[in-house]
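Data first, discussion second: the structure below is written as structure tokens.
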Amino acid sequence: MCEFHQGSHSHQTIDPAAAEMIEKANRENVETTWDRFEQQKPQCGFGDLGVCCRNCLQGPCRINPFGEPKEGICGADADLIVARNLLRTIVGGAASHVDHSYMALHCLKEAAEGKAPYALKGADKIKSVAAKLGIATQGKSDNALAQEIVRAALADFSSYSDEPMGWLKATVSPGLLEAWSKLGILPKNPDREIRTAMHQTSMGVDGSPINLLLSSLKMGLVDGYAGLQMGTDIQDILFGIPYPVKTEANLGVLSHDKVNVVVHGHMPEVSEKIVEWARKLEGEAIKAGAAGINVAGICCSGNEVLMRQGVPLAGNYLSQELAIITGAVELIVVDVQCFMPSLTKVAACYHTKVVTTTPIGQLPDAEYIPFTPENADVKAQETIRMAIAAYAKRDAAKVQIPTHKSEAWGGFSVETIVQALSKLDAANPLKPLIDNIVAGNVLGAVGVVGCNNVKAVQDQQTVEMVKDLLANNVLVVATGCTAHALAKYGFLTPAGAKKYAGEKLLAVLTAVGEAAGLGGPLPPVLHMGSCVDNSRIGDLLGALAGYLGVAIKDLPVAASAPELQHEKAVSIGTWAVALGVLTHVGVVPPVLGSPLVTKVLTGDLEGLTGGKFLVETDPHLAAEGMMAHIRAKRKALGI
């Protein structure tokens, strides 16, 4: 691994800290994800188009869109193969988020029963979630209410009836329920839906591409409510509702003289305990010769502890190897989702320890420290002490920490946004925002979400697209790795409003920020959390639609995943389209091999749900497309 010799590469990132680490990796002959991307070229054209099928052992079968064969061995054509592959991708994304939600639910159950060392920090959220589920709250303790909430959630996972998911029914408007019911896409038991979809896509079952696409919409709703919504609600109960907090972002947040611990993945049950015990054991690090312990985050574990603890962000998905390559990271602790199998190979070139924490998230040559809700305190201490021990093995000659970092503000939950707006109108907090949209001071809003993808120059599509949106007075909210990207370039700061926002939007951000006591404008991009926290965007859209008395599909809004790579991004996008939101993707998904599927996703779907996909790799054209959609929605509303 450390004797790998790279070739010359084209432009890979716009992040100067990442570029510095890529150059360091080249000098030290450490292979990175960009090297592996070069080795894969040319990538399989059949796979890029989505016309490769491996769903039985007669294949793989590949459809040639320009000649023969036109069908696979069983008779499946390109439309069927692409539709099946798409549904399986969305199943993968939904399963990831539903399992995440279930892990959080188990932690809440153990904590509420006094079996796990987690305090229930979200007292307000306990009451609001209980209320929406129809659970009486008067005279009940937080622990008692939490146990009732757990039972309500588990009822969805154990349901054998044909009733739609309770969590979904309790969250969405009657209008959406009716629309989804007419389409036959209301999900029931989420585990049952995932099982059924895998059966449906197996050899010799569903031969209808349209039926498979409807099942894809249903799977998007499984993700949206058994994954995103339930996961966020449960985590807010456990760890507290996020409120605005200031921190920093990029590789420059790593410390030269402290023990550096990086949390990576998606489960705050692990990362919250790492942060807690890093603070409690700082004295041991000082005795070992360090100045203390510095915890930094990567991907959504980073977002979770940023939103609630102010922990700095070291980088997004494509920067995870680069954090190790600085030579200054003592330990990187991962839980589930988005960590590269390459981490242990890169770590072997340095003194860095890699710790895995879950039975389903193992890596060869990593230290496995199994975290459970019950043993979290014990295992977190063990993990932090391993990092302290590694500090003595740091090789000063290999340390190179980029100086690049930016101030960043996070913690903009729906509750935070409403609280800020209430400073302008306490009786009717949404009115100031609606009034400014009607007046044209805010053209509309876009939620920017998703990942990094090595096919795109790191951060470039996200940054360029958001610049255009803000300059045209479009309010932007962000989650996931795109929030990391925007943090690195100053979009999450009050100063960023003055730099990037159009004149009208800046005036609105300034009025709200000053009323909220910030002494200046709100950031032009509001960081709403991790990828499960996309449910916060759904809640905000639902509140705005309810206030106006219209459907979400009628709002002047859009969504974008400019650099998506994970199955989760596809399932989140499908949920957004089911809500009725125009959803842009900046990396071409593997569907172009089917003209039928492409036509349905980018056109016909709008007649069913009000939403559709916009596929555009040029960030400026993507911004133009979304703004054209927003203007059309404004015209339809008469504003």
Heavy atoms, side chains only, cut-off 4.5 Å: are [X] and [Y] in contact?
| X | Y | value |
| --- | --- | --- |
| C531 | V449 | no |
| D48 | K455 | yes |
| L564 | N453 | no |
| R536 | P242 | yes |
| L168 | P187 | yes |
| W34 | V454 | yes |
| W167 | D233 | yes |
| T583 | W575 | no |

Can you check side chain to side chain contact (heavy atoms under 4.5 Å, CB included) on N303 and L313, steps first, answer last?
CA-CA 7 Å; N303 284 322; L313 299 174; 4.1 Å; yes

List the residues meeting salt bridge (charged side-chain N to carboxylate O under 4.0 Å, His left out) with K488, not counting sequence neighbours, and say none if there are none.
D15, D459

Go through the structure and list residues passing salt bridge (charged side-chain N to carboxylate O under 4.0 Å, His left out) with K393, not counting sequence neighbours.
none

Excluding sequence neighbours, so at least two apart, what forms side chain to side chain contact (heavy atoms under 4.5 Å, CB included) with [X]?
| X | value |
| --- | --- |
| V588 | L592, V615, T617 |
| S101 | M230 |
| E567 | T89 |
| T33 | R36, L318, E321, M340 |

Of all heavy-atom pairs between [X] and [Y], which one has the smallest distance, and what is that distance?
| X | Y | result |
| --- | --- | --- |
| V222 | A94 | CG1-CB, 4.4 Å |
| T326 | M21 | CG2-SD, 3.5 Å |
| I388 | A288 | CG2-CB, 3.7 Å |
| L254 | V329 | CD1-CG2, 3.9 Å |
| N452 | Q565 | O-CG, 2.7 Å |
| V253 | A296 | CG2-CB, 4.0 Å |

Please lay out, stage by stage, how L120 and L108 fare under the test side chain to side chain contact (heavy atoms under 4.5 Å, CB included).
CA-CA 8 Å; L120 305 186; L108 177 60; 3.7 Å; yes

Assess, by modelled atom type and distance only, whether the side chains of [X] and [Y] contain a donor and an acceptor separated by less than 3.5 Å.
| X | Y | value |
| --- | --- | --- |
| H404 | N250 | no |
| D365 | T344 | no |
| S571 | T574 | no |
| D335 | S301 | yes |
| H100 | Q337 | no |
| H266 | K568 | yes |

[X] side-chain N/O to [Y] backbone N/O, donor-acceptor pair under 3.5 Å:
| X | Y | answer |
| --- | --- | --- |
| K218 | A197 | no |
| E330 | N260 | yes |
| Q147 | A112 | yes |
| H484 | L486 | no |
| S319 | L322 | no |
| Q229 | T171 | no |
| D191 | F157 | no |
| N55 | T201 | yes |

Distance from [X] atom [atom1] to [Y] atom [atom2], nearest 0.5 Å?
| X | Y | atom1 | atom2 | result |
| --- | --- | --- | --- | --- |
| K287 | E282 | NZ | CD | 13.0 Å |
| H566 | C451 | NE2 | SG | 7.0 Å |
| L154 | Y102 | CG | OH | 5.5 Å |
| I90 | I194 | CD1 | CD1 | 12.5 Å |
| L228 | N534 | CG | CG | 6.0 Å |

Does [X], at its [atom1] atom, have more than 12 non-hydrogen atoms belonging to other residues, nucleotides or ligands within less than 6.0 Å?
| X | atom1 | answer |
| --- | --- | --- |
| Y118 | OH | yes |
| R54 | CZ | no |
| K353 | NZ | no |

Do any pairs count as a salt bridge (Lys or Arg N to Asp or Glu O under 4.0 Å) and have a residue in [range], sequence neighbours left out, and if so which ones?
| range | result |
| --- | --- |
| residues 84-110 | K109-E113 |
| residues 289-304 | E304-R308 |
| residues 371-392 | K273-D377, E284-R385, K379-E382 |
| residues 401-414 | E248-K405 |

In this structure, which one of N26, V346, I325 forms a side chain to side chain contact (heavy atoms under 4.5 Å, CB included) with T32?
I325

Run the side chain to side chain contact (heavy atoms under 4.5 Å, CB included) check on H106 and E269 step by step: do they pass?
CA-CA 10 Å; H106 174 67; E269 297 95 294; over 6 Å; no

Residues in side-chain hydrogen bond (donor to acceptor under 3.5 Å, both in side chains) contact with T232, at least two apart in sequence or another chain
D533, S535

Return the set of residues passing side-chain hydrogen bond (donor to acceptor under 3.5 Å, both in side chains) with S255 (not counting sequence neighbours), or none when no residue passes.
D257

Is the shortest side-chain N to carboxylate O distance from K345 to E31 below 4.0 Å?
no

Please assess M219 against L87 for the test side chain to side chain contact (heavy atoms under 4.5 Å, CB included), listing each intermediate value before the final yes or no.
CA-CA 8 Å; M219 195 53 51; L87 178 51; 4.2 Å; yes

